[in-house]
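Note that the structure is predicted; figures quoted are calculated from it, not measured.
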Number of protein chains: 2
Amino acid sequence: MPVTIEDLSKTLNLSRSTISKALNDRGDVSPRTRERVLQAAHELGYQPSAAARNLRRQRTDKIGLVVNYPIHQVSDFLAEFIPGLATIAEEAAYNLILYTSMAGNETRITNLCRSREVDGIIVAWPPRLSETAALCRLMSDERMPHIVLPRRVPHDDVSYVAADHKEGARLLTAHLIKLGHRRIGFERLPEVFETDYDRHAGYTTALRQAGINYDPALVIAADSSDDDYEARTFNTLMALPQPPTAILFFTDPAAIKVLSLAKARGISIPDDLSITGFDGILSSGVTEPALTTVRQPLPQMGKLAVESLLRLIADETIEPQQHTLPVELIVRRSTGLHIRT
Amino acid sequence: MPVTIEDLSKTLNLSRSTISKALNDRGDVSPRTRERVLQAAHELGYQPSAAARNLRRQRTDKIGLVVNYPIHQVSDFLAEFIPGLATIAEEAAYNLILYTSMAGNETRITNLCRSREVDGIIVAWPPRLSETAALCRLMSDERMPHIVLPRRVPHDDVSYVAADHKEGARLLTAHLIKLGHRRIGFERLPEVFETDYDRHAGYTTALRQAGINYDPALVIAADSSDDDYEARTFNTLMALPQPPTAILFFTDPAAIKVLSLAKARGISIPDDLSITGFDGILSSGVTEPALTTVRQPLPQMGKLAVESLLRLIADETIEPQQHTLPVELIVRRSTGLHIRT
DNA sequence: ATGCTTGCCGAAATCGATTTCGACACCGAG
DNA sequence: CTCGGTGTCGAAATCGATTTCGGCAAGCAT
């Protein structure tokens with residue numbers, strides 16, 4: 001049975017209120033008593049009950065990380081977020097509760113808000129844009145502070161932390177153009193809202209800046225529910241009358257898969273075809289050839305998400321926190337000069 | 001302001017006790033009232049306060065994942081554990097709270113136990129064996145159910161889930177021996193208690209079974225606090241009068257680093273030297289050559305840890321849960337036949 | 001009419017802390 | 001001596017649920 005404030009009260013012959021005030025430095029307590037209380041608390045090993053505290057103070061000092069995506073598909077990213085998230089949270093004396101398999105379950109989120117298990121919510125990888133907006137409205141109605149990660153939400157009243165995908169795609173495309181490529185394949189993933197849109201905007205921007213015509217045939221909308229969509233993108237593009245000489249894939253794993261696909265077909269990378277990934281995961285650096293890609297500042301994004309959320313928790317009236325962080329182009333050996341024929 | 005049981009009580013003209021009993025199916029309530037309560041609860045959007053519940057029931061339905069290691073060094077593993085952990089926990093209506101940067105801080109663990117924020121604790125990557133034992137004793141004293149992951153603890157009264165590292169090392173060594181290798185380097189990491197011991201035991205077992213003499217010069221005790229310890233292991237071994245023709249590294253990342261080190265030095269792998277990693281991380285499959293390694297069943301280990309912990313929570317008198325899971329040898333191209341000179 | 005179940009419901013205690021507000025003693029000033 | 005302030009402390013309310021125990025009424029048997 002753990003030591004309660006009542007136990008302290010009895011051994012010290014002081015009221016519970018005095019004990020509480022002494023421990024929380026709320027004034028109204030003489031230095032001598034305060035000392036006695038602190039001493040006794042330490043000796044008896046007193047630690048306030050979290051539940052009782054939470055109930056009385058109407059806050060839990062916890063934030064929820066709600067993962068709105070099949071967990072095994074994002075656990076790699078999660079791993080990169082978590083150190084940042086956890087570190088900042090703990091510095092502010094907050095804990096992190098993990099909620100997975102929340103995909104598509106608005107009821108569970110509603111209940112989470114109403115039960116007041118957490119003081120704020122980080123919504124990670126939420127579903128399609130319209131659903132995300134609905135979700136955020138729901139949380140606003142419940143007056144639950146929240147922030148979306150790592151996706152941009154094009155609504156003025158929604159807080160989010162995202163990376164600059166437009167600039168990322170632009171950098172990759174411009175890099176390929178500088179290498180002499182003119183026909184550049186581009187893989188889309190429309191379900192990844194805003195991210196997909198932004199990347200496509202970056203792609204077209206780079207083309208425009210170089211005076212290259214946009215060819216819709218080179219842009220493939222993939223469907224990640226298809227288990228083998230990377231191969232499909234690759235095959236479709238290479239079967240074109242005029243196949244591209246370079247391809248931007250949507251993720252590093254996709255590009256890595258294509259790496260072995262190409263090798264199996266005798267297509268040399270980067271001599272016959274340049275390819276790029278996106279995200280800069282660890283694996284992308286050890287493939288043969290290593291992938292040219294774009295790195296998102298995942299740790300910083302995690303930190304910023306928590307910091308912003310804490311601000312929203314501290315001050316209800318604060319304006320929405322919207323952050324887009326710069327990305328970094330990583331040039332490696334999967335992209336090379338286009339050999340004109 | 002969220003809806004409380006008191007609000008329900010007023011709108012229904014029923015006592016709080018009746019409401020509670022109706023919602024929790026505790027009998028003593030007529031079907032008609034029960035129906036009325038359920039209906040009203042749904043309409044008003046009632047959800048019980050977690051804090052109040054926790055206080056009254058003296059449990060939180062949460063388990064803590066205490067990461068006792070620099071978080072960025074284990075986040076890859078964490079990512080593979082988390083899906084299993086979270087899934088099983090949620091199936092049992094438990095939540096997962098993440099506690100990082102707990103390294104070496106017994107006070108924080110003590111406080112965690114005493115504040116009763118969680119019903120049980122998974123201790124992940126605890127420090128040296130003696131400290132771990134102390135930690136576990138401490139938690140036992142606080143009557144806090146706990147289980148160690150992913151390390152074996154050689155004490156009858158400590159629960160843990162680990163992988164069979166001895167068998168893993170034995171499999172790797174035997175594999176190399178079958179390829180004709182006789183001088184096999186072995187990297188140790190003594191600070192990783194029991195794991196290191198077990199792997200070394202597997203290594204010597206395989207040697208003994210093949211009738212090969214144990215040469216202490218081939219066994220290097222590395223120090224992971226050294227930022228470049230893999231290179232040191234490699235250099236020390238290759239500088240030997242009779243260098244090994246194969247080396248077992250302690251981790252995949254270590255082996256991957258050595259891969260590029262060897263290439264830079266014109267040492268061909270596996271023609272001049274066979275090397276192996278350990279763990280079977282994603283990257284190990286995409287290097288050139290891909291790594292021969294051993295895979296731990298991380299997802300299953302995570303599941304089993306939660307299941308075992310839940311058993312310990314449910315029944316105090318249950319015997320300690322000790323599980324060692326089988327590993328899997330993955331033969332790839334970083335190991336090859338030893339060409340006798 | 002009386003006694004006894006049985007079924008249904010409510011009053012009140014309880015979990016362990018925080019916080020408000022009033023009580024009391026002591027002090028110096030008038 | 002009285003009054004008002006100051007410094008400490010405690011009684012009690014409160015947070016929102018659960019649980020125990022007793023009460024009341026209806027129904028049945030005596």
### Query
Rounded to the Å, how far apart are B/Asp28 CG and C/dT5 C1'?
15 Å
## Note on the structure
Note: for B/Gln58 and B/Arg34 on DNA chain C, the residue whose nearest nucleotide lies more 5' is B/Arg34
#### Entry: B/Asn95 side-chain N/O to B/Lys62 backbone N/O, donor-acceptor pair under 3.5 Å
no
### Query
Want to settle it: does A/Lys21 or B/Leu55 sit nearer the 5' end of DNA chain C, counting the closest nucleotide to each?
B/Leu55
#### Entry: Interatomic distance where CZ belongs to B/Arg26 and P belongs to C/dC8 [whole Å]
17 Å
### Message
Side-chain N or O of B/Thr18 versus OP1/OP2 of C/dG10: is the shortest distance under 4.0 Å?
### Response
yes
### Message
Once you apply a heavy-atom cut-off of 4.0 Å, does A/Thr4 come out as touching a base, just sugar-phosphate, or nothing?
### Response
sugar-phosphate
### Message
Students often get this wrong, so: under 4.0 angstrom with heavy atoms, is B/Asn54 touching a base, only sugar-phosphate, or nothing?
### Response
nothing
### Message
Between B/Ile63 and B/Ile313, is the side-chain contact (heavy atoms from CB on, under 4.5 Å) condition met? List the steps.
### Response
CA-CA 10 Å; B/Ile63 62 186; B/Ile313 291 174; 3.9 Å; yes
### Task
Check step by step if side-chain contact (heavy atoms from CB on, under 4.5 Å) holds for A/Glu117 and A/Tyr99.
CA-CA 11 Å; A/Glu117 287 187 21; A/Tyr99 298 89; 2.8 Å; yes
### Message
Is any side-chain heavy atom of B/Asp141 closer than 4.5 Å to one of B/Leu138?
### Response
no
### Query
Is A/Asn13 touching bases, backbone alone, or none of the nucleic acid, heavy atoms closer than 4.0 Å?
sugar-phosphate
### Query
Separation of B/Arg32 atom CZ from C/dG7 atom C1', in whole Å?
14 Å
### Message
Applying side-chain contact (heavy atoms from CB on, under 4.5 Å) to B/Arg151 and B/Val123, what does each step give before you reach the verdict?
### Response
CA-CA 10 Å; B/Arg151 293 189 178 172; B/Val123 188; over 6 Å; no
### Message
The test is side-chain contact (heavy atoms from CB on, under 4.5 Å); show your working for B/His155 and B/Arg137 and say whether it passes.
### Response
CA-CA 11 Å; B/His155 296 322; B/Arg137 203 167 321 117; over 6 Å; no
### Message
Regarding A/Arg16 and A/Glu6, does a basic nitrogen lie under 4.0 Å from an acidic carboxylate oxygen?
### Response
yes
### Message
For DNA chain C, which residues of residues 36-51 of chain B approach it to below 4.0 angstrom with any heavy atom?
### Response
none
#### Entry: 5′-ward residue of the pair A/Ser30/A/Arg16 relative to DNA chain D
A/Ser30
### Message
Under 4.0 Å from a heavy atom of chain A: give me the 5'-most and 3'-most nucleotides of DNA chain D that qualify.
### Response
D/dT8 to D/dG16
#### Entry: Candidate pair A/Glu142 and A/Arg114, rule salt bridge (charged side-chain N to carboxylate O under 4.0 Å, His left out), full reasoning
CA-CA 7 Å; A/Glu142 302 290 341; A/Arg114 302 222 238 250; 2.5 Å; yes
### Query
How close or far is atom C1' of C/dC9 from atom CG of B/Leu23, stated in whole angstroms?
15 Å
### Beyond-backbone contact of A/Ile5 with A/Pro48, side-chain heavy atoms, under 4.5 angstrom
no
